[in-house]
Amino acid sequence: MRILGIVLAASLAAGCGGAMQREVARASGVSVASVETGRTAPSMPDGTAPGPIQASVDEAVADAMQAVARIAPEGAPLPQAPWSRGELSAAEVPSVLLAAWRSADNAAECAPLAPVEVGRAVARRAPLEGGWAVEFDQRGARGMGRDGTPCERCGRAAFGVAGTAMSPDADAMLDGAQASWADGSFALIESGEGAAVASIAIQGQNCVYQVWSMLGEEHLRSLVERLRFVRTR
């Protein structure tokens with residue numbers, strides 16, 4: 001199974017955000033059930049102490065970390081995770097991203113994550129049930145029109161990042177995972193006719209992050225490499 005586009009397609013109900021997520025779903029063409037094992041408060045980048053972890057969630061995350069070795073070539077060292085390379089200050093990220101995260105139902109278990117350096121792209125908050133999402137408009141770039149169809153130069157929703165309400169499902173995500181890191185995090189990356197999508201499980205976070213780009217898989221991988229946690233205090 002794959003886990004691409006599952007939450008983004010189902011949760012955004014209006015505007016370009018909903019159109020973007022429908023396109024993400026078409027790119028992946030799949031649906032996966034979440035691991036509804038209760039919520040937890042993982043370690044946050046601001047140092048907030050974690051709350052109690054439900055045994056079933058703890059076991060699922062542990063299984064995922066043990067299985068990461070299957071992704072990398074045998075004997076090959078895993079690279080440092082991008083988000084292990086330091087944090088961004090609140091002043092270094094779009095204010096709408098932090099506003100979306102603070103109002104999300106899963107804020108306590110899905111720390112804000114943002115790409116370093118997005119050029120002239122402008123962030124715009126997108127609705128996402130149970131989680132948070134931000135789209136980036138980039139003038140003249142390939143994007144997603146208001147009617148939900150890809151557009152070659154409209155620049156709307158050219159790329160984006162979201163912290164979904166989905167809990168990591170090790171079995172679903174590890175089947176076909178294409179990237180993993182030394183901290184135990186791993187990702188699925190897939191391209192479709194519309195968006196290239198990465199679904200990422202990060203050590204210590206009880207959510208699936210999704211990053212997408214209408215600019216192609218190379219741009220998507222560049223976005224993933226530039227992801228950093230945001231210091232919120």
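- Of the options Asn106, Val96, Val134, Thr232, a side chain to side chain contact (heavy atoms under 4.5 Å, CB included) to Trp101 is made by Thr232 and by none of the others.
- At a threshold of 4.5 Å between non-hydrogen side-chain atoms, the residues Val118 and Phe159 count as touching.
- Gly131 and Ala104 make their closest contact through O-CB, 3.4 Å (heavy atoms, listed as atom of the first residue, atom of the second, distance).
- A pairwise comparison of heavy atoms in Val161 and Trp132 identifies O-CZ3, 4.1 Å as the closest pair.
- Side chains of Arg156 and Arg146 form a contact here, defined as non-hydrogen atoms less than 4.5 Å apart.
- Within the 4.5 Å cutoff, no side-chain heavy atoms of Asn206 are placed close to those of Cys110.
- The two residues Ala111 and Tyr209 come nearest to each other via the heavy atoms O-OH, 2.6 Å.
- What you find for Ala198 and Leu220 is that their closest heavy atoms are N-CD2, 3.7 Å.
- A donor atom on one side chain and an acceptor atom on the other are found under 3.5 Å apart for Gln210 and Ser199.
- How far CG of Leu88 is from CZ of Arg226: 11.5 Å, rounded to the nearest 0.5 Å.
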Inset, instruction - Using the side-chain contact (heavy atoms from CB on, under 4.5 Å) rule, take Trp212 and Glu135 through it: C-alpha gap first, then chi angles, then the decisive distance, then the call. - result: CA-CA 9 Å; Trp212 66 94; Glu135 294 175 344; 3.8 Å; yes
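- Classification of the Trp181-Trp83 ring pair by plane angle, with boundaries at 30° and 60°, yields perpendicular.
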Inset, instruction - Mind running side-chain contact (heavy atoms from CB on, under 4.5 Å) on Val197 and Ile189 for me, showing each step along the way? - result: CA-CA 6 Å; Val197 186; Ile189 298 175; over 6 Å; no
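- Dense packing is recorded around CZ of Arg85, with more than 12 heavy atoms of other residues, nucleotides or ligands lying under 6.0 Å away.
- Of the possible polar contacts, none joining the Gln205 side chain to the Ile202 backbone as a donor-acceptor pair under 3.5 Å is found.
- Asp137 contributes atom CG, which lies 4.0 Å from atom CZ of Arg124 (distance to the nearest 0.5 angstrom).
- With no hydrogens or angles considered, no side-chain donor-acceptor pair links Glu225 and Ser222 at under 3.5 Å.
- Using a distance-only test at 3.5 Å, with no hydrogens or angles considered, no donor-acceptor pair links the side chain of Arg139 to the main chain of Gly155.
- Minimum heavy-atom separation, Thr164 to Cys207: O-CB, 3.3 Å.
- A distance-only check finds no donor-acceptor pair linking the side chain of Glu217 to the backbone of Arg221 [under 3.5 Å].
- Between Met214 and Pro150 there is a side-chain heavy-atom pair separated by less than 4.5 Å.
- Under the 4.5 Å side-chain criterion, counting only non-hydrogen atoms from C-beta, Val230 is not in contact with Leu113.
- At a cut-off of 3.5 Å, with distance as the only test, no side-chain donor of Ser213 or Arg142 sits close to an acceptor on the other residue.
- Nearest heavy atoms, Phe136 versus Ala123: CE2-CB, 3.6 Å.
- Annotation: side chain of Val93 is not in contact with side chain of Arg228 (no heavy-atom distance under 4.5 Å).
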Inset, instruction - Please assess Arg125 against Ser95 for the test side-chain hydrogen bond (donor to acceptor under 3.5 Å, both in side chains), listing each intermediate value before the final yes or no. - result: CA-CA 10 Å; Arg125 183 173 177 175; Ser95 59; over 6 Å; no
